[in-house]
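Since this is a predicted model, take the numbers as computed values, not measurements. The sequence lines fix the lettering, A, B, ..., with proteins before strands; numbering per chain opens at 1.
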There are 2 protein chains.
Amino acid sequence: MAPNIRDIARMAGVSVATVSKVINNYPHISPKTKEKVMTVIKDAQFMPNSVARGLVKGRSMTLGMFLTTGLVHPFFVHILAGMEDSLKESGFDLLYLSQVNWNPDYSFVRHCMSRNVEGVVVFGFQRFDLNLDELVQSEIPAIFIDLDMLGKKAGYVTSDNVDGIRKSVRYLKEIGHTRIAFLTGGLESYVGKLRFEGYKQGLADLGLPYLSEYVYIGDFSRESGIEATQKFLSLDNRPTAIVCSSDMGAVGVIEAMKEAGLSVPGDMSVIGFDDIDIATHTVPSLTTIRQDTFGIGQNSIRLLLEIINNANCPPPTMIVPTELVVRDSCAPLA
Amino acid sequence: MAPNIRDIARMAGVSVATVSKVINNYPHISPKTKEKVMTVIKDAQFMPNSVARGLVKGRSMTLGMFLTTGLVHPFFVHILAGMEDSLKESGFDLLYLSQVNWNPDYSFVRHCMSRNVEGVVVFGFQRFDLNLDELVQSEIPAIFIDLDMLGKKAGYVTSDNVDGIRKSVRYLKEIGHTRIAFLTGGLESYVGKLRFEGYKQGLADLGLPYLSEYVYIGDFSRESGIEATQKFLSLDNRPTAIVCSSDMGAVGVIEAMKEAGLSVPGDMSVIGFDDIDIATHTVPSLTTIRQDTFGIGQNSIRLLLEIINNANCPPPTMIVPTELVVRDSCAPLA
DNA sequence: TTGTAGGCGTTATCAG
DNA sequence: CTGATAACGCCTACAA
């Protein structure tokens, strides 16, 4: 059995209180006893039970994380890696709150409370999912990834989606394109809406007209890329380039072009969004907007700790910059 | 503030013990009081503090997970999805033990104890990393993924690596190949060794000779695929097919062949291992051995719960079957 | 059927 | 500087 603080006290010949003080680096304690207690602790491999500690201190040193059920997001590993990076020196561990069940009785807030988590990161949900709202209104520090939720203690971090797509449009214009189509992501999602916004702004920036037949409402999927392409190819005045809201969509576009016997980038320039692993391996490799997923993870935890540590800091928000990665799927217009 | 059991007791006009009994579904309690207490609980949105509960019961209803620092494994999302599936109805949440630091003082066991986790899943480590051994010897239930660690309370789950590679070899033989080369993964890793073993057995099964010049010692990376290809192409008696220990290695092979002006599968058949997302999108798309990553995650938790619930079940082990996925990177030998 | 009281491992408050 | 002792929120004999 693991020794507890009483065992240590007995072995060191001091009181429980003294051991506690040594553990927590209290002042007013003689070097001699400190020394003695420390040795006993080392020898006995003692480590204070953080659960009991949490009970009395009202702190648990654990952060929570809500993921939407069955989310299989290729990015997630990188986000987690970023989170770990921020977690490392903080003393916090991360609890994956896995029992989100989609019946109306379920409460994010109660789940958090019952687990004594000091704050949560939320990823993959939509604004009106379940009673997410209750969480936002609550006193529980929360950081949302890719969802602009703001509350007393709730903020968010997301990529600069608007600017990312604007960069795409600008780049295509720079290499001569003016008939630039757009494949949206799911418009029910926050990032989907923003990327669409980015497209409109991008056109406006450059004085290009917005044409509704150059827009296909998709859902981030490869399939929607295929469908979009078929639609665009059927147009009298075909676009010469397609900006996509996701790499998977762009993959679909490339496939559909090949299927139609046309060439990318010869007959159509294509640009993605995300920079997932696949982007390097498509033929042609994909020019895309890279999201700093590691940075998103890193900052989600960093901001969360900020809320927790500064009693009344305003709910923090962070827009993480994106980067244009030029590969082979775009060509200057002849 | 969240109500506690005392608040509920007061509001319901009963004792704390009674409330506790209601919560825990004790027998001998009158329907009337039960009813009353239940209503109060609903109204007050009360949820017992699982931390305090854990302290007294000696159970925490949390499982732990150790990941190697900075692990960015494309599979991990799928494994996590599988874990979640098993976790869902269990009442357990999953604690990501993030503070693994690689100095000799760090102890997996103490980290577990201090967090009161009832068991852990370990992924991405090698046999002699840190003091993993202490964990295996301990009383803490543990399931290792892709590492054959066995202890009183420790078991593992992994793909059928040997059989997977044997399937590759057999498939190539069936379509006419006999000069079959092999790209190993990192041989310091458990799965790397097993896959190598699978290659040897595969040849033996079919009465094919083992030639050391047909083996390249790699490390699962794309780069090692490139290097292996260069070596194999320089041979007098070139192989006609390459079995790879990873999809990334196979991707490297395809690249190097293209670079050399040769064709896959025309001049060389290539077969991967893993079935990562990229496999579908290479040109040609990759014939490969699919790992059931969801199943691995699912079973890791399932087995762990088994150890926890059955006091003295033997340390469980699970070899998850693989599946040959035929795509376009292999061709019959003319 | 219900309530009382002791304890889980730790920290915090006061005396000494 | 050190040591009793009462919390923290909950569960569980045992008593009533």
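Within the 4.0 angstrom heavy-atom criterion, only backbone atoms of the sugar-phosphate kind lie near B:Val14; the bases stay farther away.
Although no hydrogens or angles enter the test, the distance criterion places a donor-acceptor pair under 3.5 Å between the side chain of A:Ser60 and the main chain of A:Asn116. Not a single donor-acceptor pair under 3.5 Å links the side chain of A:Ser86 to the backbone N or O of A:Ser300. The backbone N or O of B:Arg302 lies less than 3.5 Å from no partner atom in the side chain of B:Asn299, so there is not a single donor-acceptor pair.
Following rounding to the nearest Å, B:Ile41 (CD1) and D:dC10 (C1') show an atom-to-atom distance of 13 Å. The CG atom of B:Asn116 sits 14 Å away from the P atom of C:dC8 (whole-angstrom rounding). Across the protein-nucleic acid pair, B:Ile29 atom CD1 and C:dG3 atom C1' stand 11 Å apart, rounded to whole Å. When rounded to the nearest whole Å, the span between NZ of A:Lys36 and C1' of D:dG3 equals 13 Å. Going from atom NZ of A:Lys32 over to atom C1' of D:dC1 covers 11 Å, rounded to whole Å.
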Any chance you could list the contact pattern along nucleotides 9-16 of chain C? Use B for base contacts, S for sugar-phosphate-only contacts and - for none, protein heavy atoms under 4.0 Å, 5' to 3'.
BBBB----
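Checking A:Thr62 against A:Asp93 by side-chain atom types alone, no donor-acceptor pair falls below 3.5 Å.
For B:Arg6, there are no salt bridge (charged side-chain N to carboxylate O under 4.0 Å, His left out) partners, not counting sequence neighbours. B:Asp43 meets the salt bridge (charged side-chain N to carboxylate O under 4.0 Å, His left out) test with no other residue; sequence neighbours excluded.
The phosphate of C:dT4 has neither OP1 nor OP2 within less than 4.0 Å of any side-chain N or O from B:Ser15. Applying the 4.0 Å criterion to OP1 and OP2 of D:dT2, one finds that A:Thr33 has a side-chain N or O inside that range.
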